[in-house]
Amino acid sequence: MHQSVKKSLVFASVLALGTTAIAGCTKKADVNNNAVVGITQEPGIFDPHTVVAAGDEEIIFNVYEGLMKFDYEGNLNPCLATDVEISADASVYTFTIREGVKFHDGSDFDANDVVYSLKRAAGLLETQDGTALVSELDSITDVQVTSDGRVEVTLEAGNSELLSFFTVGIIPEGYDNCQKAPVGTGPFKFESYTPGQSVILIKNDNYWQKGLPYLDKVTFKVCADMDAGLTELANGSIDIFPYLSKDRADQLDPAKYNIESNGSNMVQIFALNNAVEPLNDVRVRQAINYAINRKDIISVTMDGAGVELATAMSPAMGSYYDTSLDGSFDQDIEKAKALMAEAGYENGFDITCTVPSSYLIHVNTAVELASELKAIGINMEIKQVDWATWLESVYAGRQYETTVIALTSSYAPYDVVGRYASTSDGNFINYSNPEVDELLKKIPLTADESERTELYHQVLAVLTEDACSAYIQDPTTITAVSTRLEGYHVYPMYVQDMSQVKLVEN
Amino acid sequence: MTRHIHIVKVHHLSLSFPTKKNPNPKPVLDDVDFGIRDGEILGLIGNSGSGKTMTSLAIAGLLPENAEITGGSIKFAGNDLLALDPKERRAMLGRDIGMIFQEPSTALDPLMTVGKQLEEILTAHKDPSMTSEMRQKTITDMLELVGFTNAVEILGRYPHQLSGGQRQRVLIAGAALLKPRLLICDEPTSSLDTVTTVSILELLKDLCHKLHMTILFISHDLSAVRGFCDRVMVMKDGKIVDKDVASEILTNPKNSYTAELLTNARLDTRILGLEPATVDYSTSPVLTAKGITAGYGRSLFERVKKKAEKKDTNILHDVSLDVYPNEILGLIGGSGSGKTTLIRTLLGLLPHEGSVKIKSSSIGAIFQDPVSCLNPSHNIKWHMSEALRASGKAAKGTDTMARITAVLEECGLSAEFLSRRPDELSGGQRQRIAIAMCLIQKPALIIADEPFSSLDASSSAELLKLMTDINREHHTAFLLITHNIHIVRQICPRLIVMHDGRICEEGTTTDVLNNPKSESTAALLEAERQIHGI
Amino acid sequence: MEQKKTKNRSPEASIFYTAGLIFLGIVVAAFIISLFWTPYSPDATDAASKLMAPCLEHPFGTDNFGRDVLSRVMSASKYTLLISGAGVGIALILGTITGVLAGYYGGIIDRGIMLFGNSIMCFPGILLALVAVAVFGPSVGNVIWALGLVFAPTFARVCRVGTMEIKELDYITHARIMGVKPLRIMALHVFPNLTSQLLPATVIGLANMTLFESGMSYLGLGVQPPDASFGKMLSDAQAYIRVAPWLVIFPALMLVFYILGLYFISEGLRVGLTKGGKR
Amino acid sequence: MKSKSGYIIGKIIELILTLLVVSLLVFIAFSVIPGDAARVMLGPNASDSQVELLRAELGLDKPLVSRYFSWLLGIFTFNPGVSYSYSIDVSELIAQRLPVTLGTSAIAMIMVIIVSYPLAILSARKPGRLGDQICSVIGHVLFAIPPYVASLLLILLASSVFSLLTVGNYVKPSDDFFGYIGCLLLPSFAIALPKIAMSFKFLRSSIIEQQSSDYVRTSKSHGLSDFKILIRHVLPNSNVSSITIISIIMSDILGGSLIVEQVFNLPGLGRLLLSAVQGRDFPLLSGIVFYIAFITVILYFISDIASSFADPRIRLK
């Protein structure tokens, strides 16, 4: 009761503030056919092949296109290719190239551009040292134009999981200045980048999908963090802001903003370094899993907007996800204590959780975890580090005990589980199980879809059984979209597709 | 219209500082009643807090805001000053009443040239007919009148570029610029040295005649008005206790308080029975200084810079002197003659050229200011044991304490002083502690730099007696720097006179004092004679 | 004149002292009580009761984790007192030693020390502390060291000026004539007399250091979660400023009380000590 | 008479020495940063040979001393290199952010002066009266409020009570100058508040002290009006002592703006600094830190020179 009164008061104040903003000092081009999107990560890389951070990808998704392209439901559709043919052993992919597409610089798109782009991404150009710029494409050994004008990609071994990586951006043949002046075939052209402030994209009038895009101009405006974004939303100085938490989204005026939400296909993990004492004991890892209350964590960090996870994959992955694993680790303090005692830690132990300070959600999760783990005697100290240090010492160096992080993936199941192979670069939890290694080797070689699905289920079952880490949630992506816009869709990936967005007609 | 005999008439004036807590405090001025005759120099004498400054401020109309006149009236040339509104009152200042104050060093705005500050007076009392050139002329004329030969140059100077005496002259020029009928001088000479004092007093007297001014001269020192004032009034606790013609009061005081003031001003009357030890000049001296040349600012950087500017930074030039065992050697000289620099050099505190040889290892010193001579953070016991410890003659436990108490007793201080802190002691007691600290180190020579200058007469006398006792009993030599000729005459067999960083005269005290050979010695002695009536 | 001033001033000083001690007392009392008892554990989260407005069970309300704000405010006072105290301690030791040396010896030593000190003071203090903590990682220990270093030149300045004044006084000249060794003069003759200048500077230093510390915690470079500190609580509260203003108000009040208390005491000291010095 | 130019030359030498020490401090501080810049730039998946290649390209493999001198040369020619994380000239990045930080600081400084001077003069005219005491108490309280706390309270107040100014909506001066000033007003005010109190307190006591000085008494005895004494003597003299305080306040304001920018979400140097810290962006970080120190050193230098113009005792020894 009290709360709701409070909130309506707040809405009044936000509304008042927003009105002044429009009447007052902002020059808002309300009549113009444009939109401003708030982003929280500083964009820095515009080369489609060297891009690493999700924050860059979400912008250039509008600039570059690949042979394939995901839609907001997670379907992989042909894009610059009209068709793809995969050999039986999945070692040769042959693409039919779309006709009548133009690059932003006015040149025509053809098969040679595809060859150049894929070779560049795979590190096969003569000027390169052989290291793939896009590491997943490392297995490509050759790209050729066939006699009938199609493009044939040859792999060193069969891999039926590679198709989703052909979403990689295609650039004009011989072009090497994508960082400074990006040129692609996407619905929007790159206009300017002001570090720390904004990236501006303008409409591609020659876009091959007729009628798209609707907007003339899209500005990606950098906000320091979620709260800064919230303030800008309240001011009306941005139209779209993704990655809100539910309690913040609730503070917005529903008359001015629609709230869109969708599973993010992220896996938030309480990563336990399997190589250090006492986390190398499966009983301890299981105890930790039983000790934590995922519902409370989601309530505190996302205000309830998240899906509880007990295994390494998000339910958003559809059939690859094994529903039978749901609820494997529902909170059971007694069982957790018993497992601790069994492992010889009835008095608990001290442990450190190294979290990247720039991600509030992970820091908050760690705070809640520390409080919950006290119940089974684990005293967890939180150590915040900046993103660079986290990447270096936790992810690459694996010098840590525990951490909280969200694992994003393109919409490919192999991307999700592949990191648990004992030799994988991404296996930062130092998990090692020959059974999983064996299964992971089998998957790419298996052409049959249902057989592959079954293998994925087996992998997930082992990972859960081993309690290789504690999986927490798939946080819901909550995006506020101004009511003056329509056609925005929340993707289960870290991208902002602006091509479908248009002004509401009234 | 009759000519007023009294230019100022103060009628039964009472003044107090009421507060909320105490609406009826003890009055600061209690029924003060006097007149200042046209053209006279009236001296107003009293100790601090006697009400003399408040009297002058009441006449000028510059009383602090929380002062309240509880009764009486002040008439200036027949007008009731207290009835005037503040604006008219202010208009009289500078025009009819001029004032000069004690501290010339801070009485001028440091950010403004002398010329601008003087011009301000003329513009404040605006006379529209005056052009800028006329104002300049008036100011330079007045500066010349107060004794500047380079008046135009002075106009462009800032106060800090002038000496104390020059500043006081500028202030006098300012006060006299509009030729006021009354000039109030509030201790104008107390921070100046004797030679300058004499010249300032002469200037005032001269102005008094030339400009037909009346002067109210305020001082705490009765003897200082000798030969200057026509009449003298003595104030005590807000009341006028005595007034008479100057010559009468100075030679034959009728009031007992006046008599007391007079004796306090003349230390010599109390000095009796001082017997310094006899000196044998054939023995080798305890201290020999040869060809000392020294100055401040001797860092490499500054030396190079000064050399480039071809400036002589030296304050001492080729000074040589000997101090013999048992001797109390007197050293006199005007301010700026280099006395202090010489002492600091002899004590080894300054880098110098020339040689200083000291027979015994230790040399003691006592200084002018009894406040800063002791460390306020520590008690007397700490001071004494620190001195003993530093001399390297420290013994253990009770022995140390015994020695400390013995020395203290010798200096007339009981053992109960050991636990006291410096701020619980009087000036005389502190100077005696300072001597005790020297004594415990058994030095062959103690250098005493104006040790009496901030002590009252009786404390000075006691300290002087202690010094001669030590000299006699411990055969300790003293180098005594003082400006008091009486003391020099009584206890110093030999005397050195310094001027401009050089020794200008040296000889037995009687010779030097009776037949000064150098001009500067003569001038110094003459000034002393005028002020202190030797 | 001087006499009157001191008479008027002493009640002023005592007003400052009383006000200062009351404000400071609130924070210190919170600290002392928190050592033995807080209403709830300051780190205990409770998802069921998050963002509760002040009520009987939670007089200061609860935060977004459902933690009791009163308990957190109490335990936050611990870090404020610890960091400002230890930081000032370090600054005091470093500053006093260098300042007295510079003031006593003058010349090249003085120029060197002051050049270094002035160079440090050319960075806005918060910037330097921020960078230091950013470089060595945020932790209470690093915050203390960083702030200690940043504040040392302030104390060095006070000591240097004080020493240069005291050095000219007769009792130091005496000590030099008596042959006391320079180090002993600095330690026993000069230093005790600097206390009247150092004391107000120390109190002000405590207040300024708290300002810096809370600013750094606000930026996430100070005290680390889940431990409570005023700055961190305020920065966390900013997101809820419209829905849960109590999250801002109570830590802000405590922070301001502490600083205000220190300012008042330093003001009292200043008034009181100048009176004492004039005696 | 020592020449004025001599004094200024001395100060310039001091300035250069200070800048050198400052640059040394900055360089050393960033040379001991843990974390390899090259590895950070390339991300966790880079191979060692790639890292080595980049290290060579960035000159990180050269000895420390030669790196210092090349860095020093760059920084004094306003060309401190290219930011690792933005791949843009550091000077360009700083130039983009400077309007925010300098604008906020300048507006705050103007606020400090136009509020504190009149208040101090009024207060000091009749010290101890009710108005003076109220000002002093408010001053003490303001003094104790950290700028970012003031910011939070102002946001609360501005958004819910006054609805006057927008928060966190930066407008470029080239787009709309008044909009630019408008969006900086609130942050500037938050920074200025405690400094107004500080400046007020100092000025007030300085004016009171000057009013009781001997030369004011002399001027009174010359028959000058109180107003004239205030304008011609008291204020110039209290200015001499306040120039130093003003320069300290300026430096504090600059530092304060770094934090307050964060609260108001302004794209100023403070935010750039934090992101540079997080990205281990050595050229950017050292550039920002050095240039902020540089501005402060220049401020102090100007204040020294200004003092020497205001006070003949300093320049004419």
Side-chain angles (χ1 to χ4, degrees), chain B residues 56-57 60-62 64-66 86-113 116-126 156-161 167 170-171 174-175 177-178 180 183-184 186 301 305-306 308-309 311, chain D residues 1-7 9-10 13-14 17 124-130 132 206-243 306-317:
Chain B
S56 70
L57 291 179
L62 290 174
E65 274 184 35
N66 50 348
K87 221 174 169 181
E88 289 173 302
R89 207 67 213 273
R90 199 170 64 223
M92 288 181 70
L93 279 170
R95 191 185 67 201
D96 300 319
I97 301 173
M99 274 191 100
I100 51 174
F101 303 96
Q102 183 171 4
E103 208 40 76
S105 55
T106 53
L108 287 166
D109 187 337
L111 307 186
M112 225 184 239
T113 58
K116 283 229 174 81
Q117 292 191 51
L118 292 178
E119 197 174 348
E120 231 176 34
I121 307 168
L122 293 176
T123 43
H125 301 275
K126 25 179 171 310
R157 294 251 180 113
Y158 286 97
H160 72 276
Q161 296 170 306
R167 277 181 232 175
V170 168
L171 285 163
L177 195 59
L178 294 172
L183 183 64
I184 301 172
D186 191 354
F301 181 63
K305 206 166 61 183
K306 287 283 158 70
E309 290 170 23
K311 256 194 181 165
Chain D
M1 198 164 97
K2 200 173 133 187
S3 66
K4 195 186 320 191
S5 58
Y7 174 80
I9 288 169
I13 293 172
E14 205 179 302
L17 271 179
R125 276 205 82 116
K126 301 243 163 90
R129 297 288 165 92
L130 190 64
D132 173 45
S206 166
I207 292 175
I208 290 175
E209 189 192 319
Q210 298 298 342
Q211 272 173 347
S212 62
S213 66
D214 284 353
Y215 63 80
V216 166
R217 192 176 57 176
T218 308
S219 297
K220 276 188 184 163
S221 80
H222 287 165
L224 264 63
S225 67
D226 287 355
F227 181 72
K228 219 166 175 176
I229 293 176
L230 182 77
I231 296 295
R232 288 183 60 95
H233 297 289
V234 174
L235 285 184
N237 272 287
S238 48
N239 271 343
V240 166
S241 44
S242 37
I243 286 174
S307 313
S308 83
F309 274 92
D311 190 346
R313 283 166 296 186
I314 297 177
R315 64 171 192 267
L316 308 170
K317 254 283 160 54

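Within every chain, numbering begins at 1; the chains are lettered A, B, ... in the order of the sequence lines, protein sequences first and strands thereafter. Worth knowing before you read on, the calculation uses all heavy atoms, side chains too, and leaves out hydrogens, waters and symmetry mates.
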> Of the backbone (N, CA, C, O) and the side chain (C-beta and beyond), which part of Lys220(D) lies under 4.5 Å from a heavy atom of chain B, both, or neither?
Replying inline: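 Both backbone and side chain of Lys220(D) come within 4.5 Å of chain B.
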>> If I measure from the heavy atoms of chain B, does Val216(D) come under 4.5 Å with its side chain, its backbone, both, or neither?
In response: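 For Val216(D), neither part sits under 4.5 Å from chain B.
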Exercise: identify the closest heavy-atom pair between [X] and [Y]:
X	Y	answer
Pro312(D)	Pro110(B)	CG-O, 3.3 Å
Leu111(B)	Ala310(D)	CD2-O, 3.4 Å
Ala124(B)	Gly223(D)	CB-O, 4.3 Å

>> Donor-acceptor check, side chain of Thr218(D) to backbone of Ala107(B), threshold 3.5 angstrom: yes or no?
In response: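 Yes; judged by distance alone, with no hydrogens or angles, the pair exists.
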> Just by distance, do the side chain of His222(D) and the backbone of Leu118(B) share a donor-acceptor pair under 3.5 Å?
Replying inline: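 Looks like no, no N/O pair under 3.5 Å.
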> Within a reach of under 6.0 Å around CZ of Arg95(B), are more than 12 heavy atoms found that belong to other residues, nucleotides or ligands?
Replying inline: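 Enclosed.
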>> Walk me through whether Met112(B) and His233(D) qualify under side-chain contact (heavy atoms from CB on, under 4.5 Å).
In response: CA-CA 9 Å; Met112(B) 225 184 239; His233(D) 297 289; 3.7 Å; yes
> Relative to chain D, which of Asp109(B), Ile121(B), Leu178(B) shows the most heavy atom pairs under 4.5 Å?
Replying inline: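 Most heavy-atom pairs under 4.5 Å with chain D: Asp109(B).
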>> Which one wins on heavy-atom pair count under 4.5 Å against chain D: Arg90(B), Arg89(B), Lys87(B)?
In response: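 Highest number of pairs under 4.5 Å: Arg90(B).
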> What part of Ile97(B) is in contact with chain D, defined as an atom under 4.5 angstrom from a non-hydrogen atom: side chain, backbone, both or neither?
Replying inline: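 Only the backbone of Ile97(B) comes within 4.5 Å of chain D.
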>> Does any backbone or side-chain atom of Glu65(B) lie under 4.5 Å from a heavy atom of chain D? Answer side chain, backbone, both or neither.
In response: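 Answer is side chain: those atoms of Glu65(B) sit under 4.5 Å from chain D.
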> Do Phe101(B) and Ser221(D) come within less than 4.5 Å of each other through their side chains, counting heavy atoms only?
Replying inline: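 Of all side-chain heavy-atom pairs linking Ser221(D) with Phe101(B), at least one is under 4.5 Å.
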> Can you check side-chain contact (heavy atoms from CB on, under 4.5 Å) on Thr106(B) and Ser213(D), steps first, answer last?
Replying inline: CA-CA 8 Å; Thr106(B) 53; Ser213(D) 66; over 6 Å; no
> Atom CZ in Arg217(D), atom CG in Asp186(B): separation rounded to 0.5 Å?
Replying inline: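 Reported value, rounded in 0.5 Å steps: 6.5 Å.
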